[in-house]
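Below: one structure, written as structure tokens.
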Amino acid sequence: MSTPAAKTAITPRRDEDFPEWYQQVVRAAEMAEPSDVRGCMVIRPWGYGIWENMQRQLDAMFKATGHRNAYFPLFIPLSYFAREAAHVEGFAKECAVVTHSRLEVNAEGKMVPGSPLSEPLVVRPTSETIIGASYAKWVQSYRDLPVLINQWANVVRWEMRPRVFLRTTEFLWQEGHTVHETEAEARAETRQMLDVYEEFVRDHLAIPVFSGEKSESERFPGAVQTLCIEAMVQDRKAIQAGTSHFLGQNFSRASGIQFQSRAGTQEFGWTTSWGMSTRLIGTVIMAHADDDGLVLPPRIAPIHIVILPITPKEETRTRVLEAAAKLAGELRALMYFGAPLDVEIDQRELGGGLKNWEWIKKGVPLRVELGPRDLESGNVAVSRRDQPVKAKEFVPAAEFAGRAVELLDSIQQNLFERAKQFRDAHTRTIDTKEEFYDFFTPKNPAKPEIHGGFVRAHWNGSREVEEQIKSDLKVTIRCIPFDDPATPPEAGICPFSGEASPRRVVWAKAY
RNA sequence: CGGGGUGUAGCUUAGCUUGGUAGAGCGCCUGGUUUGGGACCAGGAGGUCGCAGGUUCAAAUCCUGUCACCCCGACCA
């Protein structure tokens, strides 16, 4: 054998080198690849198909909560961007700036930028300020409120250290921007959209999250309050999966979003913004994929079921293909969460298990093998991507279509349960500094093994404690959990300062 | 921008210390044998050795410069 069959489809395994494993999964599943532009990625059809599914489902949730889509410019005049002090300061270091409008040939025959712009344009890293300029025109009266708009767009943040899907210079996202008459309404909107995110990530991506508020140091530049959902991935690090910001009147003051109130006075609007990005694709990979490649939650899989006709002999080939087409037809007539099942018959002339492995690496939830022997016995061989690769269940062909949706639901549910068990197994309550430091310190500092997780620990609320822990351990506060009416927050002692703490907060190393 | 490292075929790389016509595996193409599992045999295509300059009869190899990328740090959806 020229290539000894690897034990796993992906090398290295997760436990050997998690970051490298991640990149290999992305590559093996043909989701994306690095481009010639540093920090930017080419999203290939399989990765983009996942994004399209996320988009479609999230978009429906936005519409259901009263939002509409619109589109605002890619370029933001520098003067607009600079209107909110904390905002510019926060984003200044990662802005791409357009300064010229044309190319000219210089004396050496090279193309060089020609006419300087009268005002530089910032390529949007987020759109609060440019959208605010429109809202200032649209909002005159309390009767114009609320404004509930979302945009699907690309944004650019000039990152120092890009990682495909997780942190790229250009990425795709949605950003909701709303204006409200009252503070309470805006705060409710901020929370409502976070809840939408939590539901989406839990029910569609099969990932459990902790939700809560960011500490001041992790807050969005310019926001009064930032809410977030935090997921744990398989190297036990946290990843922020979505954020929702209550912006108070900071941006309405900056952009002049003013309205005449019911009482006849001029008031500034209360605004919010909230976003989710292609980073979610990376989150899904790190949460669910295994040593054989991607594992997709059925609800976002571009293909739900792949049918693999086995045609070893020419004389049975036609009959097998006919049976495969018939089965595909039955399956495609089925609805799965409001859309027809996506079913592919892979009849490429590829030898052996090569095709099978391709679909394993792509993470297709169900693989169905159909060969001459199955025609005899009236069965199909069904493999679930959430089960070991070699596991097969023989199901009567006549029954399979009837069970397909149930099987997909079962995979979806199983992935969630598995992720939740993993997270819970690596979430601790810790009360001493020693235990905390021990938990987050790898046994082998030279080549850190997968370690740590989430810790619920008390905190005195000071920035100094946060910074000390960050510089010692690279551990940060991921969120301050919301008040749960059922169980009031438990007061205690901050193990780092010895001071009083009103509640436990969630700590972790983060992406 | 600081500290370290690497540039050889689409990918992974050998060769560099000690200069002498560029090698392998995977992938790709063709033909054949195979086919319930990442097949085998035979043949084939593919390289300005990152770029520029220098030393030399001769440079992937030595020297100088330069560019790019990777890892670690500050930043981050």
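This structure is a prediction, so every number in the text was calculated from the model and none was measured. Order of the sequence lines sets the chain letters (A, B, ...), proteins ahead of strands, with each chain counted from 1.
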Which atom pairs link the protein and nucleotides 3-6 of chain B when you take only N or O atoms and keep those under 3.5 Å?
none

Self-check item: Those residues that, when tested against A/Tyr80, pass side chain to side chain donor-acceptor pair (under 3.5 Å) (two or more places apart)
Solution: none
Non-neighbouring partners of [X] that pass salt bridge (charged side-chain N to carboxylate O under 4.0 Å, His left out), sequence neighbours left out:
| X | answer |
| --- | --- |
| A/Asp15 | A/Arg13 |
| A/Glu198 | none |
| A/Arg463 | A/Glu216, A/Glu467 |
| A/Arg27 | none |

Quiz prompt | Listed once per pair and sorted, the side chain to side chain donor-acceptor pair (under 3.5 Å) pairs that draw on residues 282-291 of chain A, sequence neighbours left out | solution = A/Arg14-A/Asp291, A/Asp290-A/Arg385
Practice problem: Within residues 301-323 of chain A, find the residues that approach RNA chain B with a heavy atom at under 4.0 Å, and present them sorted by residue number. | Solution: A/Ile310, A/Pro312
Self-check item: Per-nucleotide protein contact string for nucleotides 71-77 of chain B, where B marks a base within reach and S marks sugar-phosphate only (heavy atoms under 4.0 Å, - for neither)
Solution: -SSBBBB
Exercise. Taking Watson-Crick and G-U wobble pairs with both distances under 3.5 Å, convert RNA chain B into its dot-bracket string, 5' to 3', dots for unpaired and | for cross-strand pairs.
Key: (((((((..((((......[..)))).((((((.....)))))).....(((((..]....))))))))))))....
Give me, pair by pair, the N or O atoms of the protein and of nucleotides 10-14 of chain B that are less than 3.5 Å apart, along with how far apart they are.
none

Quiz prompt | Residue pairs, two or more places apart or on separate chains, that pass ring-ring contact (aromatic ring centres under 6.0 Å, His included) and touch residues 205-244 of chain A | solution = A/His87-A/Phe220, A/Phe91-A/Phe220, A/Phe210-A/Phe454, A/Phe220-A/His245
